[in-house]
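Take a look at the structure below.
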Amino acid sequence: MLDIRFIRENPDTVKNACKVKGFEDHVDEILTLDTRVRELKTITQTKTAEKNKITREIPTAADKAPLIAESKKIGEEIAADLAELAEKEEKLNDLLHRVPQIPSPDAPIGADDSDNVEVRRVGEPTKFDFTPRAQWDLLDMNNWWLPEKIGQICGTRTYCLMGEAAELQLAIETYVIQKLISKGFTFIECPSITKPQTIFDAGHFMGSDLSVMNNDVFMLTDTDRCLAGTAEIILNSLHSGEILPENALPIKYAGFSPCFRKEAGAAGRDTRGLARFHQFNKVEQYIYCKPEQSDEMHEHILNNLCEVMEDLELPYRVIANSTGDMGFNKVKMNDVEAWVPSENAYKELGSCSSIGTFQARRTNTRYRENATGDVKFVATLNNTGIAVPRALVPVIENHQNADGSVNIPKKLQPLMGGRTKIGGKH
RNA sequence: GGAGACGUGGCAGAGUGGUUGAAUGCGCGCGACUCGAAAUCGUGUAUACAGGCAACUGUAUCAAGGGUUCAAAUCCCUUCGUCUCCGCCA
């Protein structure tokens, strides 16, 4: 959420953010409510101060009865104002949770992903001197998965890797985790079961009614828990309510967890292959930093993902997502897409986001400035480290050979027992 | 799942209805002493919101929420969390 003072002082900026991101504009209603709420606070606080003064005189007063009566009378007056205050504050709070984060001036303005802009392209689409196979053919012929059987057992949008593909997935996860550790990240394995409030605090949903997430989040029936869609959710709440020392920043976490998505809005999309599942694994980069460090950290975690692409020897490109595509809580967003030969297209493998202080306001995560002693909200950022099995798609397709075998990228070979190739007839 | 204990400031730890935003100790900041440091002494050390140009003032906060009362850290209820023992268990 945004600072109410910021909205008060920059209503036009906020209105514009609503417009370019495609969210309803509640600014005028917010400002009206805000004025009334502050009025009521002033009135009730003045009366409470008066009442406290009388209350303090009671223990030593010779005749207590008139003072008690007076105090009681003021108490009743306060109660009436308090009722209105509570109602107005609740309404204001709900509307404040519907105001989107202000997008960066650098972000392309646009309604949806068709307005995204390619920032850079690294490597060329892979050329083959044979007809390359699609991921599902490679998986079938190498006996690397069980699509029909697992569909019967576990339902749609589940997967099961076997043999060398399962090994490769584990190697990729381990590789990325170790890479991030070497760059100063703290490796942290996160729970997937969490409370709905933590998901809300990550700022992916609008308003203050938690039921809005039912469409996207798996709720665990008859419990107060749900399944987290990403480790970002847990990492975001890791320092909630804390005031961090300035020199602790930036804090860099490499979170690993199984991730759960309902994929309710994706019916019929990516139903074949390893691209989209209810459950997958993800290494997540998560940063807490000072707001002025945010751009630098954005480049840092974006570059980490680009390096991973290069270590996996994948042709890829970086996208600047448009204001309409970046989502409710983001300042700026860069997708990283890898080349997928079977689709003759670049496909998203990761998404790098600057959140500003938007999440920190929801979790109340702050730091104390050394020089001034001031307490300020931290900025947070997140990026994919690697998401599997989706990342296996470009890896096995781009590195395939005519016989259906797959070359292992050099950096992964030590984690694959020194093998340079898997699959094929051998 | 059963039984019990507990949740106070950065930490430790007093405090069971009335100037307690909270004793005391530790830590930390500043100052004095010192050539410098240690020790010692003095002094200071939460956050949010509202009002004010500001100095500052007010209100709230002793896990969270609600209740009783003129008055709640202190009494009652609910929730959350932590710990111990038993049971179960990868």
Side-chain angles (χ1 to χ4, degrees), chain A residues 1-9 30-97 189-201 208-210 219-220 222-226 233-234 237-249 251 257-258 279 357 359-378:
Chain A
M1 62 191 284
L2 298 178
D3 187 355
I4 179 67
R5 276 173 297 196
F6 180 85
I7 300 175
R8 232 178 260 155
E9 288 160 18
I30 285 170
L31 293 178
T32 307
L33 280 168
D34 175 50
T35 305
R36 181 60 183 155
V37 162
R38 283 189 294 161
E39 256 171 29
L40 287 166
K41 277 189 176 171
T42 307
I43 294 167
T44 53
Q45 287 183 3
T46 307
K47 285 184 180 170
T48 304
E50 198 185 328
K51 183 169 182 286
N52 286 347
K53 187 163 166 278
I54 294 168
T55 296
R56 272 194 297 270
E57 288 168 7
I58 290 174
T60 50
D63 185 6
K64 294 183 170 62
L67 290 174
I68 289 174
E70 175 66 10
S71 178
K72 209 166 181 172
K73 179 170 153 285
I74 298 171
E76 282 158 12
E77 289 173 21
I78 294 169
D81 290 334
L82 241 34
E84 188 190 344
L85 178 60
E87 180 215 328
K88 292 284 197 307
E89 259 195 318
E90 190 187 345
K91 180 71 183 155
L92 176 61
N93 188 44
D94 182 68
L95 290 178
L96 283 174
H97 282 102
E189 231 200 351
C190 296
S192 300
I193 296 176
T194 188
K195 297 193 224 169
Q197 184 66 45
T198 57
I199 294 185
F200 181 74
D201 287 344
S208 48
D209 177 7
L210 299 183
M219 304 303 294
L220 296 172
D222 296 331
T223 73
D224 60 349
R225 314 291 182 86
C226 56
I233 303 298
I234 280 69
S237 289
L238 223 48
H239 297 288
S240 62
E242 294 181 21
I243 299 172
L244 302 160
E246 181 180 346
N247 50 17
L249 301 174
I251 296 173
S257 76
Q279 176 183 350
T357 59
Q359 289 177 328
R361 284 181 194 282
R362 287 199 177 186
T363 57
N364 198 24
T365 306
R366 295 168 294 173
Y367 72 100
R368 191 186 302 277
E369 221 171 43
N370 284 336
T372 60
D374 288 352
V375 176
K376 297 180 171 176
F377 286 102
V378 300

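Sequence lines set the chain letters: A, B, ... in the order given, protein chains first and strands last, and positions in each chain run from 1.
Residues A:Asp201 and A:Gln197 have side chains that bring a donor and an acceptor to within less than 3.5 angstrom of each other.
Toward the 5′ end of RNA chain B lies the nearest nucleotide of A:Ser71, the other residue of the pair A:Arg225 and A:Ser71 mapping further downstream.
Salt bridge annotation for A:Asp3-A:Arg5: present, with a cationic side-chain nitrogen under 4.0 angstrom from a carboxylate oxygen. A salt bridge links A:Glu39 to A:Arg36: one of the charged nitrogens lies within less than 4.0 Å of a carboxylate oxygen. The pair A:Glu76-A:Lys72 does not meet the salt-bridge criterion, since no charged nitrogen lies less than 4.0 angstrom from a carboxylate oxygen.
Rounded to whole angstrom, the span from the NZ atom of A:Lys47 across to the C1' atom of B:rC70 amounts to 17 Å.
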Inset, instruction - Summarise protein proximity over nucleotides 46-68 of chain B in one line of letters, 5' to 3': B for base, S for sugar-phosphate only, - for none, counting protein heavy atoms closer than 4.0 Å. - result: SSSBSS------BSS--------
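Nucleic acid contact class of A:Leu67 (heavy atoms, under 4.0 Å, all strands): none.
Looking at the side chain of A:Asp224, the nearest of the listed nucleotides B:rC80, B:rC70, B:rG81 is B:rC80.
Applying a 4.0 Å cut-off to non-hydrogen atoms, none of the residues of residues 74-83 of chain A approaches RNA chain B.
For B:rC30, the paired base is B:rG42 (Watson-Crick or G-U wobble, both distances below 3.5 Å).
Of the possible polar contacts, one joining the A:Ser192 side chain to the A:Pro258 backbone as a donor-acceptor pair under 3.5 Å is found.
In this model, the phosphate group of B:rC70 is not approached by any side-chain N or O of A:Lys51 to a distance below 4.0 Å at OP1 or OP2.
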